[in-house]
Amino acid sequence: MDAQTDEDPEPSLEGGYDPETVESRWQDRWVDEEIYAYESDPKRDPNTVYAIDTPPPTVSGSLHMGHLYGSTLQDFAARFQRMADGDVLFPFGYDDNGIASERLTEKELDIRHQDYERREFQELCREVCTEYEAEFTEKMQNLGTSIDWSNTYKTIEPRVQRISQLSFLDLYEKGREYRKKAPAIWCPECETAISQVEMEDDERHSHFNDIAFDVVGDGADRDEFIISTTRPELIPACVAVFVHPDDEDNQDLVGETARVPIFGHEVPIIADDRVDMEKGSGVVMCCTFGDQNDIEWYQAHDLPLRVAIDESATMTDLAGDYEGLSTEEAREAIVEDLDDDGYLRDRWEITHAVGVHERCDTPVEFRVSKQWYVEILDHKEEYLEAGREMDWYPEKMFTRYKHWIEGLEWDWLISRQRDSGIPFPVWYCAECDHEIMAAKEDLPVDPLSDEPPVDACPECGHDEFSAEEDVFDTWATSSLTPLINAGWDWDADAEAFTMDKPELYPFDLRPQGHDIISFWLFHTVVKCYEHTGEVPFDATMIHGHVLDENREKMSKSKGNIVAPDEVLAEYPVDAVRFWTASAAVGDDFPYQEKDLRAGEKLLRKLWNASKLVDTLAPAEPGEPEEPAELEPIDRWLLAELDDAVDELTAQFEDYEFAKARDRLRTFFWNTFCDDYLEIAKGREDNPSTQYALRTAHRTFLELWAPFLPHVTEEIWQAVYADGDAALDDTSIHTRDWPSPQGYEADLEAGETALEVIGALRRYKSEHQLPLNADLESVSVYGPIEGFEDAIQNVMHVQDLAVLETEPEVTTEVASIDLDYSTLGPKFGSKVGDIDAGIESGEYEIDRDADVLRVAGEELDDELFEVELERTYSGEGDMIETESAVVIVD
RNA sequence: GGGUUGGUGGUCUAGUCUGGUUAUGACACCUCCUUGACAUGGAGGAGGCCGGCAGUUCAAAUCUGCCCCAACCCA
């Protein structure tokens with residue numbers, strides 16, 4: 001304890017603000033003393049708990065600006081809600097269940113996963129990942145977010161495996177899953193089927209090859225035709241040739257038979273409108289399978305399968321002499337042989353888009369295999385409705401979700417042929433292939449090492465079983481985070497699904513980057529909706545990307561990545577957070593150092609203003625006591641503060657952090673520091689001002705707390721907190737969010753008074769006088785009642801006179817302002833004539849009747865306002881403001 | 001190729017849904033000022049035909065259509 005005190009002096013306002021020591025000190029104490037721990041209470045009203053379903057990051061990767069941005073936004077919401085409404089769950093998950101972690105484990109331990117039983121290997125993965133998790137935790141804690149570190153989960157841990165397998169069994173029992181032999185997208189490098197969302201397009205260099213096919217028989221007008229292909233290695237897999245029905249040049253071929261060069265097998269020539277006539281010769285070969293079109297043709301025309309490429313992209317025996325070659329090798333060899341035999345007619349280089357697996361960049365194949373699917377196409381309407389029920393911040397992001405669902409064409413493929421991952425809890429009868437599901441109470445299981453729950457097949461009575469070797473795709477787990485966080489489980493006694501923390505579900509907020517709405521968010525909605533019948537989130541906050549200073553996407557290849565570590569080494573976290581709040585939620589925004597400097601300046605301003613408040617109105621223990629009578633200038637500040645609190649509360653509730661940030665900064669810096677504090681300097685012994693200063697200062701700290709948690713905690717502890725009490729009771733972050741106190745003030749007089757002060761500042765500036773120069777005598781005509789002393793004090797005016805009547809001026813009409821919003825609808829196209837009349841001076845102002853006659857029309861009082869040009873003929877200088885006239889003698 | 005979103009002083013941005021004639025603020029720039037916290041502060045100034053073209057309207061940054069540019073998602 002003492003050692004700690006030596007290192008960390010008591011918080012105080014002495015000297016300048018030193019974020020480096022202050023920030024890490026509070027980060028440590030918040031975590032050590034569990035300030036943000038969520039205590040579950042199943043009886044708690046779900047409406048008073050604010051729960052965030054945070055998507056778990058891959059922890060073996062490095063922390064990037066996206067993590068920093070996303071979790072800081074979540075923290076704004078978490079900190080505000082904790083103050084405003086009490087209990088908040090801000091959990092954290094470690095995603096260590098992916099291919100990345102497996103590869104990492106193999107590399108670190110120099111082992112091959114094939115040499116281990118699946119369970120043993122996963123145990124090793126967990127050990128290796130532990131170090132990376134610790135490092136990631138450390139980095140996350142350096143961001144100063146209010147994550148509850150006692151509520152975390154890892155996607156690789158047995159508890160989560162159990163939930164994933166329960167999810168599989170529940171969907172199976174609900175009839176939402178099926179196993180089917182069908183063409184699927186296949187990665188030959190990873191040797192697994194993958195889903196549509198894991199495939200992306202990539203520009204690759206390749207060759208177009210013009211290859212001659214012989215026509216068999218005499219039905220056509222010729223004895224050969226040309227097809228163009230980028231994949232000659234698929235020739236052995238050719239099962240048909242297609243021609244567009246509208247393609248007149250090639251109609252003679254339809255119905256004929258073609259002979260495939262080199263391999264010699266014969267295939268039919270068929271008409272189909274899916275042929276792209278613009279490309280090549282207009283004659284296309286259909287293989288098993290070159291692309292999705294081939295799959296459609298295979299299904300539509302009931303074509304045979306010719307599998308020439310196996311699961312590792314090696315040529316099969318169907319490829320004859322080329323058997324055993326890789327697809328790349330076979331491509332070159334076949335082209336050479338075609339050339340030798342005279343079938344290669346042309347060859348040229350091209351660049352085209354190729355479908356590749358996003359994890360390894362390997363071009364994908366399409367293979368027929370038996371896979372598990374989640375049926376989604378038949379529930380598109382329900383998922384769309386689920387999306388409609390959520391509040392989207394920003395609203396426009398819903399359209400992305402909508403279009404994604406409307407465009408769905410495949411059910412969700414969930415099995416992966418990988419060696420590790422979460423296993424399917426399924427066995428098959430060796431005799432009749434009947435599916436045997438694990439018992440829910442036994443989960444998690446691994447069919448490769450565990451026995452099925454039955455002795456004999458319930459279908460045929462056979463007693464031998466084969467284990468399902470496949471594992472779940474990673475989204476099968478990642479899509480369950482709301483259920484993991486709420487402690488979803490199967491209660492065997494009650495024969496029902498239960499939740500440990502039912503008060504959390506549905507979650508209040510799901511944060512998500514805008515690039516992954518279509519899979520991560522969508523999959524989570526599908527899973528949770530099917531399990532619980534409820535939409536898992538009340539609201540979703542979709543955030544944008546952090547771009548580099550030139551507004552370009554950060555990427556390794558461009559070398560323009562900015563690492564959070566580097567930023568935090570140079571700038572306080574609070575300053576980084578202030579920059580983070582500068583973009584509207586959903587917008588991409590650039591990383592700019594000048595914005596971080598702006599944050600630093602704000603911290604300094606807050607610190608220095610706090611020091612001044614502390615000298616003007618020394619703090620006393622407890623809440624400040626309101627004097628019987630508040631003077632107008634002080635009541636005015638508190639009334640303005642009430643307005644600010646009102647607006648900020650609404651903005652935080654709507655995740656409008658950028659607006660809240662600007663509103664608060666402007667009010668704090670311009671109104672409080674530049675205007676009120678200057679006035680308060682001349683009124684320090686006044687109990688009314690002391691009360692207003694204290695109240696405003698305390699409120700500012702509370703309002704800033706969600707944005708700037710470190711500096712506000714430091715100041716709060718230095719000035720207001722009882723240092724001996726537990727941090728849980730004294731931390732600013734456990735206080736209540738401010739509420740408007742109902743102060744009423746003459747806002748017009750306050751506004752006018754500030755105008756007068758502004759005018760006098762301008763006067764001094766123009767006359768190159770110091771701002772504290774004395775002004776002998778000033779007269780004001782305008783509503784400033786109650787604010788005379790304030791003006792006099794702050795502007796150093798010796799004699800201030802309030803004029804009853806307008807000073808001696810000669811006036812002439814300078815301009816006439818029209819109220820177009822009423823004038824327009826009333827006079828329509830006459831407005832142009834009215835404008836022209838005023839412009840040319842052909843009008844008459846009738847003071848008695850209070851009307852303006854112009855262009856043959858009579859406008860009454862409310863429709864126009866006459867702006868007068870005043871010329872002062874008396875002593876001294878006259879300055880005009882919006883609602884006052886000031887004369888400096 | 002299709003869809004979505006955006007384009008506002010040098011830079012970043014508010015305002016656009018709900019049209020009203022004078023477009024917000026910050027940074028940078030110029031001038032001035034040491035006010036009992038902060039010169040890392042304060043006061044003032046210059047700088048924009050709101051991506052382009054047409055249209056609707058008395059009135060368009062705002063609504064409609066087309067075009068150009070950028071990002072993202074999907075082929």
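Proteins get letters first, then strands, A, B, ... in listed order; numbering begins at 1 in each. Values in this document were obtained by computation on a predicted structure and should not be read as measured data.
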Counting Watson-Crick and G-U wobble pairs only, both distances under 3.5 Å, name the nucleotide matched with [N], or none.
{"N": "B:G1", "answer": "B:C74"}
{"N": "B:G41", "answer": "B:C33"}
{"N": "B:A23", "answer": "none"}
{"N": "B:C49", "answer": "none"}
{"N": "B:U57", "answer": "none"}
{"N": "B:G6", "answer": "B:C69"}

Roughly how many Å apart are [M] and [N], using the [atom1] atom of each and rounding to a whole number?
{"N": "B:G65", "M": "B:U24", "atom1": "P", "value": "29 Å"}
{"N": "B:G52", "M": "B:G7", "atom1": "C1'", "value": "11 Å"}
{"N": "B:U22", "M": "B:U18", "atom1": "P", "value": "24 Å"}
{"N": "B:A70", "M": "B:C58", "atom1": "P", "value": "38 Å"}
{"N": "B:U16", "M": "B:G6", "atom1": "P", "value": "12 Å"}
{"N": "B:C29", "M": "B:U11", "atom1": "C1'", "value": "12 Å"}
{"N": "B:A26", "M": "B:C73", "atom1": "C1'", "value": "33 Å"}
{"N": "B:G15", "M": "B:C50", "atom1": "C1'", "value": "10 Å"}

Which comes earlier along RNA chain B counting from the 5' end, the contact point of A:Thr666 or that of A:Ser582, where each point is its nearest nucleotide?
->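 Looking at RNA chain B, the more 5' nearest nucleotide goes with A:Ser582.
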Name the residue closer to the 5' end of RNA chain B, choosing between A:Ala609 and A:Phe827 according to the nucleotide with the nearest heavy atom.
->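 Residue closer to the 5' terminus by nearest nucleotide: A:Ala609.
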Respond yes when some side-chain nitrogen or oxygen of [X] is under 4.0 Å from OP1 or OP2 of [N], and no when none is.
{"X": "A:Arg551", "N": "B:A71", "value": "no"}
{"X": "A:Lys605", "N": "B:G42", "value": "yes"}
{"X": "A:Lys764", "N": "B:C32", "value": "no"}
{"X": "A:Lys594", "N": "B:A28", "value": "no"}

Nearest-nucleotide pick for [X], side chain only, options being [options]:
{"X": "A:Gln592", "options": "B:A43, B:U11, B:G15", "result": "B:U11"}
{"X": "A:Val831", "options": "B:U4, B:C58, B:C72", "result": "B:C58"}
{"X": "A:Arg665", "options": "B:C12, B:G20, B:A26", "result": "B:A26"}
{"X": "A:Arg400", "options": "B:C72, B:C12, B:A37", "result": "B:C72"}
{"X": "A:Lys601", "options": "B:U35, B:G41, B:A14", "result": "B:G41"}
{"X": "A:Lys396", "options": "B:G6, B:A37, B:A71", "result": "B:G6"}

Would you mind classifying the nucleic acid contact of [X] as base, sugar-phosphate or nothing, using non-hydrogen atoms under 4.0 angstrom?
{"X": "A:Asn608", "answer": "base"}
{"X": "A:Asp595", "answer": "nothing"}
{"X": "A:Gly544", "answer": "nothing"}
{"X": "A:Ser829", "answer": "sugar-phosphate"}
{"X": "A:Asp662", "answer": "nothing"}
{"X": "A:Glu678", "answer": "base"}
{"X": "A:Trp669", "answer": "sugar-phosphate"}
{"X": "A:Lys681", "answer": "base"}
{"X": "A:Lys830", "answer": "nothing"}
{"X": "A:Ala598", "answer": "nothing"}

What's the [atom1]-[atom2] distance between [X] and [N], to the nearest Å?
{"X": "A:Phe589", "N": "B:C27", "atom1": "CZ", "atom2": "C1'", "answer": "16 Å"}
{"X": "A:Glu600", "N": "B:A26", "atom1": "CD", "atom2": "C1'", "answer": "16 Å"}
{"X": "A:Asp588", "N": "B:G7", "atom1": "CG", "atom2": "C1'", "answer": "14 Å"}
{"X": "A:Trp579", "N": "B:C27", "atom1": "CH2", "atom2": "C1'", "answer": "16 Å"}
{"X": "A:Arg661", "N": "B:G25", "atom1": "CZ", "atom2": "P", "answer": "15 Å"}
{"X": "A:His514", "N": "B:U5", "atom1": "NE2", "atom2": "C1'", "answer": "9 Å"}
{"X": "A:Asn772", "N": "B:G41", "atom1": "CG", "atom2": "P", "answer": "19 Å"}
{"X": "A:Asp833", "N": "B:C58", "atom1": "CG", "atom2": "C1'", "answer": "10 Å"}

Strictly by modelled atom types, are [X] and [Y] linked by a side-chain donor-acceptor pair under 3.5 Å?
{"X": "A:Asp588", "Y": "A:His514", "result": "yes"}
{"X": "A:Tyr676", "Y": "A:Asp634", "result": "yes"}
{"X": "A:His796", "Y": "A:Asn772", "result": "no"}

Is it true that A:Glu600 and A:Arg597 make a salt bridge, defined as a side-chain N closer than 4.0 Å to a carboxylate O?
->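 No, A:Glu600 and A:Arg597 are not salt-bridged.
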Parallel, tilted or perpendicular: which fits the ring planes of A:His523 and A:Trp412, with parallel below 30° and perpendicular above 60°?
->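 Rings of A:His523 and A:Trp412: parallel, under 30°.
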What class does the angle between the rings of A:Phe652 and A:Phe707 fall in, given that below 30° is parallel, 30 to 60° is tilted and above 60° is perpendicular?
->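 Rings of A:Phe652 and A:Phe707: tilted, 30 to 60°.
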Partners passing side chain to side chain contact (heavy atoms under 4.5 Å, CB included) against A:Asn293 (at least two apart in sequence or in another chain) |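 Side chain to side chain contact (heavy atoms under 4.5 Å, CB included) list for A:Asn293, sorted by chain: A:Arg274, A:Asp291, A:Glu296, A:Trp297.
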CD/A:Glu593: more than 12 non-hydrogen atoms of other groups inside 6.0 Å =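 Yes, CD of A:Glu593 has more than 12 neighbouring heavy atoms, counting only those of other groups under 6.0 Å.
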Less than 6.0 Å separating the ring centroids of A:His697 and A:Tyr720?
->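 Yes - the distance between ring centres of A:His697 and A:Tyr720 falls below the 6.0 Å cut-off.
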